[in-house]
Amino acid sequence: MPELPEVETMRRGLSPVVGRRITRIEKVRCRHKPITMRPSLAAIRRRITGRTIQAVERAGKRIVLCLDGGDRLLIHPRMAGLVLLHDPPDTEHLRLRIHLSGREARKLLYWDRRGLGTIELLDAKALAALNASGTLGPDALQTTTKSLRRRLAGSRRAIKVALLDQRAIAGIGNLYASEILHVARIHPECRCRQLTAAQWRRLHAAIIEVLQQAIDLEGSTLSDGTYRNALNQAGRYQNHHRVYQRTGQVCTTCGDARIVRNVQSQRSTFFCPRCQKPPSG
DNA sequence: CCCCAGTCCTGCGGGC
DNA sequence: TGCCCGCAGGACTGGG
């Protein structure tokens, strides 16, 4: 499931497309339901064919292709989407080929096993409106202890649930939320309001540490094998998971308690009951 | 403000 | 062996 580290890895892998012109957008024949595109594929095609990709950025869990003239193509892989330069995992779920000028890396591919991903074209005005709407909070890697507190400390929500709120902080998903809280030694059911100054500092440090290490190891490829980088290679951070999908296994930090799974907001949470003390009261 | 259930979508694994 | 069901969860929506 692409979260910040996986999307950042994809973004880095896409650097060869910078400076290229979009020559053709090809919808791949696919037996599955088409993915959501806004506006329609035809309209996107009309507007961006012939444009040059000036930069590849990331906004939370979205890849942003910055085009000359100010338009932005936002690719949001959601659960099972990949943005690739070569060799998709299979051809059955290949959705889109964006043909580019130049000699190498002439195709930017969008592959999506579940089809939950979305592709949106925004002009400068729509982009400004999106930024103003607060739909997408500040990037998790750009937060400070102070900004984290300012955005979350007043909430009555459990910290695990709040970390998943992209309006508060962008980029953290279900996997990294559990990992981050374990590093920070904070129980996932602690209410934001009850966290101490020391806990906020540890939380911020853990966000940076976990996300940065995961980026260094090119993200997590789970047993379903879906996530790959832009060159269709697996990540390596899954070998460093402390709690995620480790229910019943001994915690590697305390070497004593076993990892517990519970459900918050209909989502699995994993934690160590010894390292992460439950909230008092 | 916040919570919850439902929705989108497909593949996979468990149970029978 | 095959079928059905539930699960995976990011983001959004509608109702409370």
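Everything numeric here is computed off the predicted structure, so don't read it as measured data. Order of the sequence lines fixes the chain letters, A, B, ..., with proteins taken first and strands second; residue numbering starts at 1 for each chain.
- Counting any heavy atom pair closer than 4.0 Å across all strands shown, A/Tyr244 reaches sugar-phosphate atoms only and no base atom.
- The side chain of A/His76 contributes an N or O atom lying less than 4.0 Å from OP1 or OP2 of C/dA11.
- In this structure, the nucleotide among B/dC2, B/dC8, C/dA11 sitting nearest to the side chain of A/Leu116 is B/dC8.
- Proximity note for A/Leu164 (side chain, C-beta onward) versus B/dC2, C/dG9, C/dG10: the nearest is C/dG10.
- Phosphate contact (OP1/OP2 of C/dC7, side-chain N/O of A/Ser268, threshold under 4.0 Å): absent.
- Between A/Tyr227 and C/dG9 there is no side-chain N or O to OP1 or OP2 distance below 4.0 Å.
- Using a 4.0 Å heavy-atom cutoff across all strands shown, A/Arg113 reaches sugar-phosphate atoms only and no base atom.
- The pair A/Arg157-A/Asp165 meets the salt-bridge criterion, with a side-chain N (NZ, NE, NH1 or NH2) lying under 4.0 Å from an Asp/Glu carboxylate O.
- There is no side-chain donor-acceptor pair under 3.5 Å between A/Asn174 and A/Glu3.
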Nucleotide-level pairing of DNA chain C, given in dot-bracket where Watson-Crick and G-U pairs need both distances under 3.5 Å and | marks other strands: .|||||||.|||||||
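- When rounded to the nearest whole Å, the span between CG of A/Leu163 and P of C/dG9 equals 15 Å.
- As a whole-Å value, the separation of A/Ile119 CD1 from B/dC8 P is 20 Å.
- Distance CZ (A/Arg114) to P (B/dT7): 15 Å, rounded to an integer number of Å.
- Within the nucleic acid shown, A/Arg95 has no heavy atom closer than 4.0 Å to any nucleic acid atom.
- Counting to the nearest Å, the C1' atom of B/dC2 and the CD1 atom of A/Ile159 are 15 Å from each other.
- Between A/Arg236 and A/Glu218 there is a salt bridge, since at least one side-chain N of the basic residue sits less than 4.0 Å from a carboxylate O of the acidic one.
- Side chain of A/Gln266, nearest nucleotide from B/dT10, C/dG10, B/dC4: B/dC4.
- If you check the side chains of A/Arg261 and A/Ser268, you find a donor sitting under 3.5 Å from an acceptor.
- In this structure, A/Arg167 does not reach the B/dC2 phosphate: none of its side-chain N or O atoms is under 4.0 Å from OP1 or OP2.
- Among the protein residues, A/Glu92 comes within range of the sugar-phosphate backbone only, with heavy atoms under 4.0 Å from sugar or phosphate atoms but none that close to a base.
- Applying the side-chain contact (heavy atoms from CB on, under 4.5 Å) test to A/Arg51 and every residue at least two apart in sequence or in another chain returns A/Ile48, A/Leu67, A/Asp68, A/Asp71.
- Side chain of A/Gln166, nearest nucleotide from C/dG10, C/dA11, B/dC4: C/dA11.
- You'll find that the side chain of A/Arg31 is closest to B/dG11, out of C/dG10, B/dG11, B/dC2.
- Straight-line distance between the P atoms of B/dT10 and C/dT1: roughly 26 Å, to the nearest whole Å.
- Atom-to-atom, CD of A/Glu3 to C1' of C/dA8 comes out at 13 Å; the value is rounded to the nearest Å.
- Here A/Tyr237 and A/Tyr244 keep their ring centres 6.0 angstrom or further from each other.
- Residues A/His93 and A/Arg113 have side chains that never bring a donor and an acceptor to within less than 3.5 angstrom of each other.
- In this structure, A/Thr36 does not reach the B/dC8 phosphate: none of its side-chain N or O atoms is under 4.0 Å from OP1 or OP2.
- Side-chain polar atoms of A/Ser220 and A/His241 form a donor-acceptor pair below 3.5 angstrom.
- With rounding to whole Å, A/Phe270 atom CZ is found 12 Å from C/dG9 atom C1'.
- Atom CD in A/Glu189 sits about 17 Å away from atom C1' in B/dC2, given to the nearest Å.
- Here the P atom of nucleotide B/dC3 and the CZ atom of A/Arg267 are 13 Å apart, to the nearest Å.
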